[in-house]
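The structure under discussion appears below in the form of structure tokens.
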Amino acid sequence: MAKKAVILILASLILLFLSSSAFSQEPPLVLPKITIEAGEVDEPQELVLSLRILLLLTILSLAPAILIMVTSFTRIVVVLGFARNALGSPQIPPTAVLVGLSLFLTFFIMAPTFGEIQENALSPYLAGNITQEEALDRGVDSLRNFMFRQTQEKDLALLVSFTDLPRPKTRSDIPTHVLIPAFILSELRAAFTLGFLIYIPFLVIDMVVASILMSMGMMMLPPVMISLPFKLLLFVLVDGWDLVARGLTLSFR
């Protein structure tokens, strides 16, 4: 009897649900449709506007690469990677944390340059005082000034020697496509120099621990396992992350 009652209740609920769905007068839910298509234009201005939107979407897709190439991000993320490897913990802090810290330090260091772009290029363009081409030129000039301050002359000379350009007399004679790789080379050189300085104290700890273990006859015990706590203790006592962030920030002054 209990089974028959349960079956009867379930059948009643199913019939009630079907009847309520069948006789419901609520309108169906309409979802918006987004389409991208190519069609004919009546005026040339519409084609120019469409091409500008396409160019803007292309630039946005390349924004991460542009951020890496023309800002301080390269030096920061490489130095933080060196610091993590010097500690002997290749997975702590996680890569996402290092990249996030590198991004925010990049925004902090590049704030004066971004403010200059906002004041000289973006705000006048939004106000309608200058054209889009003038705004782009002013923004690129601000980034070029930052890159010139961080680029070494020998890197510029190396890249210029690979081209057929005449010997540049002023900064304006150096094209942007030559300045960017020279800037990246200089950033990598500075990052490896800072990474070497970070490695030295941790290398000393590894050598001391390895010598002590060898003198005690513990040749089968990995020195890294013993030296890791001492390196972490040293890094915490000297407030290592503050020192690394301070050194990175001052290296761009």
Side-chain angles (χ1 to χ4, degrees), residues 64-114 143 145-159 179-216 218-219 221-253:
I66 296 175
L67 178 65
I68 293 174
M69 289 187 295
V70 300
T71 62
S72 58
F73 180 83
T74 301
R75 185 188 305 184
I76 295 173
V77 73
V78 172
V79 171
L80 292 181
F82 272 122
R84 182 176 66 177
N85 291 332
L87 284 171
S89 56
Q91 296 180 352
I92 302 296
T95 302
V97 175
L98 292 185
V99 173
L101 178 59
S102 302
L103 283 174
F104 281 103
L105 283 177
T106 299
F107 294 147
F108 174 75
I109 294 172
M110 298 294 297
T113 303
F114 291 156
L143 287 176
N145 292 333
F146 169 78
M147 288 188 286
F148 272 120
R149 290 194 300 268
Q150 307 301 327
T151 306
Q152 298 186 7
E153 293 184 2
K154 58 182 179 180
D155 294 325
L156 281 174
L158 175 65
L159 270 299
L179 175 60
I180 291 177
F183 169 74
I184 295 176
L185 290 177
S186 298
E187 289 294 285
L188 290 176
R189 179 181 288 105
F192 274 68
T193 303
L194 292 174
F196 172 76
L197 297 176
I198 292 174
Y199 254 98
I200 291 178
F202 300 109
L203 181 61
V204 172
I205 293 178
D206 287 333
M207 294 175 63
V208 171
V209 172
S211 300
I212 294 175
L213 291 178
M214 186 174 295
S215 64
M216 296 175 63
M218 299 180 180
M219 299 182 181
L221 185 63
V224 178
M225 184 181 301
I226 305 301
S227 63
L228 179 58
F230 293 99
K231 291 190 288 187
L232 291 177
L233 180 62
L234 174 65
F235 199 71
V236 171
L237 289 178
V238 301
D239 207 355
W241 290 116
D242 279 356
L243 290 177
V244 172
R246 174 185 173 86
L248 284 171
T249 304
L250 294 178
S251 66
F252 288 96
R253 296 296 175 87

Any heavy-atom pair between the side chains of Phe146 and Ser72 that's under 4.5 Å?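 Of all side-chain heavy-atom pairs linking Phe146 with Ser72, at least one is under 4.5 Å.
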Phe73 side chain reached by Val99 side chain, heavy atoms, under 4.5 Å: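 Touching, per the 4.5 Å side-chain cut-off.
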If only atom types and distance count, is the side chain of [X] paired as donor or acceptor with the main-chain N or O of [Y] below 3.5 Å?
X      : Y      : result
Gln150 : Phe252 : yes
Arg84  : Pro93  : yes
Arg189 : Gln152 : no

Going through the distances and angles, do Thr71 and Phe107 end up as a side-chain contact (heavy atoms from CB on, under 4.5 Å)? CA-CA 9 Å; Thr71 62; Phe107 294 147; over 6 Å; no
Taking all non-hydrogen atoms of both residues, which atom of [X] and which atom of [Y] are closest, and how far apart?
X      : Y      : answer
Lys231 : Ala86  : NZ-O, 3.4 Å
Val77  : Ser102 : CA-OG, 3.4 Å
Ile109 : Leu248 : CD1-O, 4.3 Å
Pro181 : Leu159 : CG-CD1, 4.0 Å

List the steps, then state whether side-chain contact (heavy atoms from CB on, under 4.5 Å) holds for Thr74 with Leu188. CA-CA 7 Å; Thr74 301; Leu188 290 176; 3.9 Å; yes
Rounded to the nearest 0.5 Å, how far does [atom2] of [Y] lie from [atom1] of [X]?
X      : Y      : atom1 : atom2 : answer
Trp241 : Leu243 : CH2   : CG    : 11.5 Å
Leu234 : Ile205 : CG    : CD1   : 4.5 Å
Leu179 : Leu156 : CG    : CG    : 6.0 Å
Ile76  : Leu105 : CD1   : CG    : 5.0 Å
Ser186 : Glu153 : OG    : CD    : 10.5 Å
Asn145 : Thr113 : CG    : OG1   : 8.5 Å

Residues, nucleotides or ligands: over 12 heavy atoms within 6.0 Å of Phe108 CZ: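 Count not over threshold, so no.
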Report yes if the distance between the aromatic ring centroids of Phe82 and Phe192 is under 6.0 Å, otherwise no.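 Yes, the ring centres sit under 6.0 Å apart.
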